[in-house]
2 protein chains.
Amino acid sequence: MRSYGQYCAIAKSLDLVGDRWTLLIVRELLLSGPRRYTDLRNALPGVATNLLAARLRELEDAGILRSESAPPPVATTLYALTERGAALEPVLRELGRWGVPMMAAGPAADDHFRSHWLSFPVSEFLSDRDPDSPPLAIELRAGEDPVTVEVRDGAVHLEPGPAADPGLVLEASPHVILGLFAGALDLAGARARGLRTRGDAALLGRVRPEAV
Amino acid sequence: MRSYGQYCAIAKSLDLVGDRWTLLIVRELLLSGPRRYTDLRNALPGVATNLLAARLRELEDAGILRSESAPPPVATTLYALTERGAALEPVLRELGRWGVPMMAAGPAADDHFRSHWLSFPVSEFLSDRDPDSPPLAIELRAGEDPVTVEVRDGAVHLEPGPAADPGLVLEASPHVILGLFAGALDLAGARARGLRTRGDAALLGRVRPEAV
DNA sequence: CCGCATCCGGGGCGATACTG
DNA sequence: CAGTATCGCCCCGGATGCGG
């Protein structure tokens with residue numbers, strides 16, 4: 001990207017990560033860990049393949065990520081954030097926080113969705129209100145792949161993939177899941193809009209008492 | 001800007017503020033308050049005038065700023081952030097924090113500089129270590145226009161313009177001022193690199209004890 | 001199939017000129 | 001002062017090709 005030519009911390013940051021797609025690539029690596037080229041391409045619907053390759057090279061040159069050759073049986077190159085790249089997490093967190101209100105209207109007609117994109121809203125809205133209880137796993141099915149909300153020791157963390165032993169499974173559209181987390185819907189309202197649960201729905205109260 | 005088409009809080013944010021120059025316009029309005037078109041143009045060296053006009057229109061449509069007709073004697077339109085626009089401050093703060101290390105190398109040959117761009121590094125590095133002392137004003141002369149660091153009641157705030165009654169005046173290149181604040185230089189080292197002071201230099205210890 | 005490189009059309013961007 | 005108009009270029013999006 002062309003430099004702004006300003007001796008300003010914000011402008012210097014944008015010189016590196018202000019390009020189109022750049023911060024979304026960092027988002028993927030932050031949420032999902034080291035990924036292959038094809039995984040990134042699949043997680044970023046709409047990105048041109050040449051552009052993705054160019055961005056990865058620029059980000060590597062900038063020290064934000066590094067490409068490492070994975071050990072067998074993967075035997076391919078993985079792209080992983082460096083410490084410097086992982087330091088962008090607060091930037092993405094604040095961008096996510098600012099963007100949450102724009103999710104309330106629901107997805108646009110041709111919006112894509114990946115389950116792990118819920119991670120930022122989840123950490124924004126959920127918290128472990130009962131840190132002394134045993135660990136709890138809540139599985140979310142809002143897109144193609146399930147994600148698991150792990151609740152333990154006072155912390156809430158989202159992990160891609162299904163839960164091994166979920167105390168609760170929530171299945172609904174992303175919009176309804178978000179409404180439930182953000183407070184726009186309670187359990188009854190969410191059920192009326194298509195939410196299906198399995199397990200003890202009252203367990204939701206541990207992370208979102210207002211919803212139960 | 002073309003939408004990313006992703007039902008994700010970060011992507012939705014970038015749909016609105018991911019365009020080139022957009023966040024720098026918000027930066028100016030955050031740091032300097034409502035500004036006229038020409039002021040913005042001057043504070044954003046390198047921006048094309050048509051592009052600035054287009055961005056202002058887009059930002060107004062997005063509810064991030066509004067144009068208000070100023071009362072006499074100004075008699076012109078002022079651009080001011082809305083509450084929604086001001087809510088971008090944490091995003092810029094984190095971008096600034098992440099960008100500070102890139103300032104250590106000093107400005108590039110053709111970098112522009114405006115004094116109030118120091119605001120984010122200032123709030124990052126300085127703090128009022130002696131809240132019970134009377135208010136203190138430190139005037140910085142690092143660019144064309146002076147800026148004032150106001151220290152009172154435990155808070156540090158930067159305001160454009162000279163100080164009415166500065167307890168201390170620091171005059172140096174932006175690079176040296178930053179080095180002094182960030183800890184790369186102490187007072188002696190900064191003086192060796194061109195720092196000139198007026199007033200009681202020991203007053204700097206109130207906000208940066210390590211430097212004295 | 002994976003990981004790109006190449007090519008091409010269109011639009012965003014940069015620089016300057018011009019106008020009310 | 002506050003923009004609009006114009007033009008050239010480069011970035012971006014989409015498709016295809018190609019070696020490993």
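Contacts of B:Pro45 classified as side-chain contact (heavy atoms from CB on, under 4.5 Å), with partners at least two apart in sequence or in another chain: A:Gln6, B:His112, B:Arg114, B:Trp117. Partners of A:Glu150 under the salt bridge (charged side-chain N to carboxylate O under 4.0 Å, His left out) rule, at least two apart in sequence or in another chain, do not exist in this structure.
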Contacts under 3.5 Å, N or O only, protein and nucleotides 9-11 of chain C:
none

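For the atom pair A:Arg141 CZ and A:Thr148 OG1, the distance stands at 9.5 Å (nearest 0.5 Å). How far CG of B:Leu204 is from OG1 of B:Thr197: 9.5 Å, rounded to the nearest 0.5 Å. Atom CD in B:Glu89 sits 9.0 Å away from atom CG in B:Leu31 (nearest 0.5 Å).
Within residues 20-29 of chain A, no residue has a heavy atom under 4.0 Å from DNA chain C. Residues of residues 40-51 of chain A that place a heavy atom closer than 4.0 Å to DNA chain D, in numerical order, are A:Gly46, A:Ala48, A:Thr49, A:Asn50, A:Leu51. A heavy atom closer than 4.0 Å to some atom of DNA chain D occurs in B:Ala53, B:Arg57, these being the qualifying members of residues 52-61 of chain B.
Toward the 5′ end of DNA chain C lies the nearest nucleotide of A:Tyr79, the other residue of the pair A:Arg2 and A:Tyr79 mapping further downstream.
Each end of the helix from C:dC1-D:dG20 to C:dG20-D:dC1 gets its own rotation axis from five pairs of C1' atoms, and the angle between them is 30° to the nearest 10 degrees.
The footprint of chain A on DNA chain D, defined by a heavy-atom cutoff below 4.0 Å, extends from D:dC12 to D:dT16.
Closest heavy-atom contact between A:Ser3 and A:Asp15: OG-OD2, 3.0 Å. Between A:Arg27 and B:Ala11, the shortest heavy-atom contact is NH1-CB, 4.2 Å.
One can place CG of B:Asp15 at 16 Å from C1' of C:dG12, the figure rounded to the nearest angstrom. Atom OH in B:Tyr37 sits about 17 Å away from atom P in C:dT19, given to the nearest Å.
Using a 4.0 Å cut-off between a side-chain N of Lys or Arg and a carboxylate O of Asp or Glu, B:Asp186 and B:Arg191 do not qualify as a salt bridge. Ion pair A:Arg152/A:Asp128 not flagged as a salt bridge, since none of the NZ, NE, NH1 or NH2 atoms sits closer than 4.0 Å to an Asp/Glu carboxylate oxygen.
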Kindly list each side-chain donor-acceptor pair under 3.5 angstrom involving residues 90-108 of chain B, sequence neighbours excluded, with atom names and distances?
from: B:Glu94; atom 1: OE1; to: B:Arg97; atom 2: NE; distance (Å): 3.2
from: B:Arg97; atom 1: NH1; to: B:Glu124; atom 2: OE1; distance (Å): 3.4
from: B:Trp98; atom 1: NE1; to: A:Arg84; atom 2: O; distance (Å): 3.1

Which side-chain N or O atoms in residues 154-173 of chain B pair as donor and acceptor under 3.5 Å with protein atoms at least two apart or in another chain?
from: B:His157; atom 1: NE2; to: B:Glu159; atom 2: OE1; distance (Å): 3.1
from: B:Ser173; atom 1: OG; to: B:Val176; atom 2: N; distance (Å): 3.3

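Judged as a salt bridge (charged side-chain N to carboxylate O under 4.0 Å, His left out), the pairs with a partner in residues 52-70 of chain A (not counting sequence neighbours) are, in order, A:Asp19-A:Arg55, A:Arg55-A:Glu58, A:Arg66-A:Glu68. Residue pairs meeting the salt bridge (charged side-chain N to carboxylate O under 4.0 Å, His left out) criterion with at least one member in residues 39-53 of chain B, sequence neighbours excluded: B:Arg36-B:Asp39.
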Practice prompt. Quick one: do A:Lys12 and B:Asp111 satisfy side-chain contact (heavy atoms from CB on, under 4.5 Å)? Show the steps, please.
Written response: CA-CA 10 Å; A:Lys12 291 293 180 197; B:Asp111 267 1; 2.7 Å; yes
Item to complete: Please step through side-chain contact (heavy atoms from CB on, under 4.5 Å) for the pair A:Ile138 and A:Leu203, ending with a clear verdict.
Response: CA-CA 9 Å; A:Ile138 302 177; A:Leu203 286 172; 5.6 Å; no
Discussion item. Working note: A:Val147 + A:Val122, criterion side-chain contact (heavy atoms from CB on, under 4.5 Å); need CA distance, chi angles, decisive distance, verdict.
Written reply: CA-CA 11 Å; A:Val147 288; A:Val122 160; over 6 Å; no
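Using a 3.5 Å distance cut-off with no hydrogens or angles, the side chains of B:Ser115 and B:Asp145 do not pair a donor with an acceptor.
Using the six-membered ring where Trp is involved, A:Tyr37 and A:Tyr79 have ring planes that are tilted, between 30° and 60° apart.
Look at A:Arg35 and you won't find any side-chain N or O under 4.0 angstrom from OP1 or OP2 of C:dG3.
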